[in-house]
Amino acid sequence: MPSMPTISAATGAAPPPAKVVVEDIYGFLRVLDDGTVLRSAAEPAFCLTTFPDSHPSVEWKEAVYDKAKSLRVRMYRPSAAAGGNKLPVLVHFHGGGFCLGSCTWANVHAFCLRLAAEAGAVVLSAGYRLAPEHRLPAAVDDGAGFLRWLREQSANPAAGADAWLAEAADFGRVFVTGDSAGGTIAHHLAVRAGLAAASTTKRGEPGPDVDPVTVRGYVLLMPFFGGVRRTRSEAECPAEVLLNLDLFDRFWRLSLPASATRDHPAANPFGPDSPDLAAADVRPVLVVAGGLDMMRDRAVDYAQRLAAMGKPVELAEFAGEPHGFYTLDPGSEATGELIDLVSRFVRSCCVAAPKG
């Protein structure tokens, strides 16, 4: 696996002399022995990009979707949509090990610009609460909350909803996508919806309201899964790369419930206490793995297990690419190939009528 770009130390205030730093994510997130969390306001250097911060054929704006939690969404739409052409909706959750990241970071913004332009879709890049201040399942709950907000936009386009969004979005063609930790959020939303749908079918009565819009499919971009037992790609990851095993272990320590192991259901889809995916009525899933990604084996295993259960899943592997290559270099040829893959997946899911 190639080395990642070097990052600079955070510029935040130093901890008080009497306090000890017990967790440190490259200086951008530090936890003191009394539980105090210090965050740098600066973006990591690997999040900076030479990709333009605007696109000639894409309009974008920000909105707050949860005022109580100060959660924002960046909304992108191709300019052609202003003429009334309804487009599929790609809900996107950023990565960062549940501890870092933002929909406002430059590389996330650049990727979403290109995704909207080349996929011909409305892209909704939604923020969520971060750990350790808000441990899992807070991020997944926020993802479900965003889908509820989206339903409100579709149900009441003339009563307080965002007209800019409603003008362009086809709420009957929604896809949930996520990068790394965001891909894990997408997985959990798919399972919640799939179990509810299966329960509805079994009992012949309405199930819980966890799938508030017509979600046609899910796209998991190099999902951030974990487990106590190491995979081969984890064990063979060089320690000198930026996104290494020690870093990912720290992310899990900070984001999982206190005292939980990496086999917790939030981390391991197939852990001893995880939901039975065989019982879930899961809609189509596209799983993207990177050949140089430490998480590669977990992504491949996840897709293979879903396929063995008879679930509609597609696995695509980018053999020479590291974790998150599409946000590390939003303008690359490989990123363009990824967006084309997502576009084909969206079109294929929209040919047949949605389930449920």
Side-chain angles (χ1 to χ4, degrees), residues 75-78 80-81 85-93 111-112 114-126 143-144 146-147 150-151 153-154 165 168-179 182-198 200-201 207 210-223 269 277-278 280-289 299-300 302-318 326 335-356:
M75 304 185 288
Y76 305 79
R77 70 177 193 182
N85 183 28
K86 299 283 187 175
L87 299 174
V89 177
L90 302 181
V91 175
H92 183 72
F93 297 106
F111 174 66
C112 289
R114 188 173 181 188
L115 181 61
E118 297 182 15
V122 173
V123 175
L124 305 179
S125 181
F146 181 76
L147 292 182
L150 192 59
R151 181 181 60 176
Q153 307 307 302
S154 65
L165 172 61
D170 182 349
F171 297 108
R173 292 186 291 161
V174 175
F175 294 80
V176 178
T177 78
D179 162 36
T184 311
I185 294 175
H187 155 75
H188 286 295
L189 294 179
V191 172
R192 288 187 183 188
L195 290 174
T200 299
T201 301
V210 295
D211 194 8
V213 294
T214 308
V215 177
R216 299 291 189 95
Y218 299 83
V219 179
L220 281 56
L221 304 175
M222 301 185 175
L277 300 190
D281 187 7
V282 179
R283 292 180 179 175
V285 179
L286 170 62
V287 180
V288 174
V300 171
Y302 174 82
Q304 291 176 341
R305 290 205 197 192
L306 287 186
M309 297 173 190
K311 307 302 181 185
V313 60
E314 177 183 349
L315 172 66
E317 184 169 356
F318 286 74
Y326 35 84
T335 300
E337 294 173 0
L338 171 70
I339 293 175
D340 185 58
L341 173 68
V342 173
S343 300
R344 294 197 305 270
F345 176 74
V346 167
R347 289 194 299 270
S348 69
C349 291
C350 291
V351 171
K355 297 161 57 180

Between L150 and V174, is a side-chain contact (heavy atoms from CB on, under 4.5 Å) present by the stated rule, with each step listed?
CA-CA 10 Å; L150 192 59; V174 175; 4.1 Å; yes
Would E314 and V287 satisfy side-chain contact (heavy atoms from CB on, under 4.5 Å), going step by step from the backbone distance to the final call?
CA-CA 6 Å; E314 177 183 349; V287 180; over 6 Å; no
Donor-acceptor pair, R173 side chain versus K86 backbone, under 3.5 Å?
yes
Closest contact, heavy atoms only, L341 versus A316:
CD2-CB, 3.4 Å
Which heavy-atom pair separates M309 from A278 by the least distance, and what is that distance?
SD-N, 3.6 Å
Pairwise distance CG(L277) to CG(L306) - rounded to 0.5 angstrom
6.0 Å
If you take all heavy atoms of S343 and A119, which pair is closest and at what distance?
OG-CA, 3.3 Å
I'd like to check C350 versus R216 (side-chain heavy atoms, cut-off strictly below 4.5 Å). Are they in contact?
yes
Can you give me the closest heavy-atom contact between P78 and A116, atom names plus distance?
CG-O, 3.4 Å
Using modelled atom types only, decide if a donor and an acceptor are shared between the side chain of K311 and the backbone of R283 within a distance under 3.5 Å.
no
Take L124 and H92, measure what side-chain contact (heavy atoms from CB on, under 4.5 Å) needs, and give me the verdict at the end.
CA-CA 6 Å; L124 305 179; H92 183 72; over 6 Å; no
I'd like to check the salt bridge (charged side-chain N to carboxylate O under 4.0 Å, His left out) partners of E317; sequence neighbours left out, ordered by chain and number.
R296
Nearest-0.5 Å distance, CG of residue L338 to CG of residue L286:
8.0 Å
So which heavy atom on L87 is nearest to which on G120, and how close?
CD2-O, 3.6 Å
Identify the two heavy atoms, one from L189 and one from F93, that lie closest to each other, and give their separation to 0.1 Å.
CD1-CE1, 3.9 Å
For the OH atom of Y218 and the NE2 atom of H187, what is their distance to the nearest 0.5 Å?
11.0 Å
In the structure I gave you, are the side-chain heavy atoms of M75 and V122 within less than 4.5 Å of one another anywhere?
no
Roughly how far apart are E118 CD and D340 CG, rounded to 0.5 Å?
9.0 Å
Checking the side chain of R305 only, and the main-chain atoms of V300 only, is there a donor and an acceptor separated by less than 3.5 Å?
no
Within-4.5 Å side-chain heavy-atom neighbours: V346 and P88:
yes
Any side-chain to backbone donor/acceptor pair from Y76 onto S125? Under 3.5 Å, distance only.
no
T177 (side chain) donor-acceptor with V91 (main chain) under 3.5 angstrom:
yes
Mind checking whether F111 and Y326 have parallel, tilted or perpendicular rings, split at 30° and 60°?
tilted
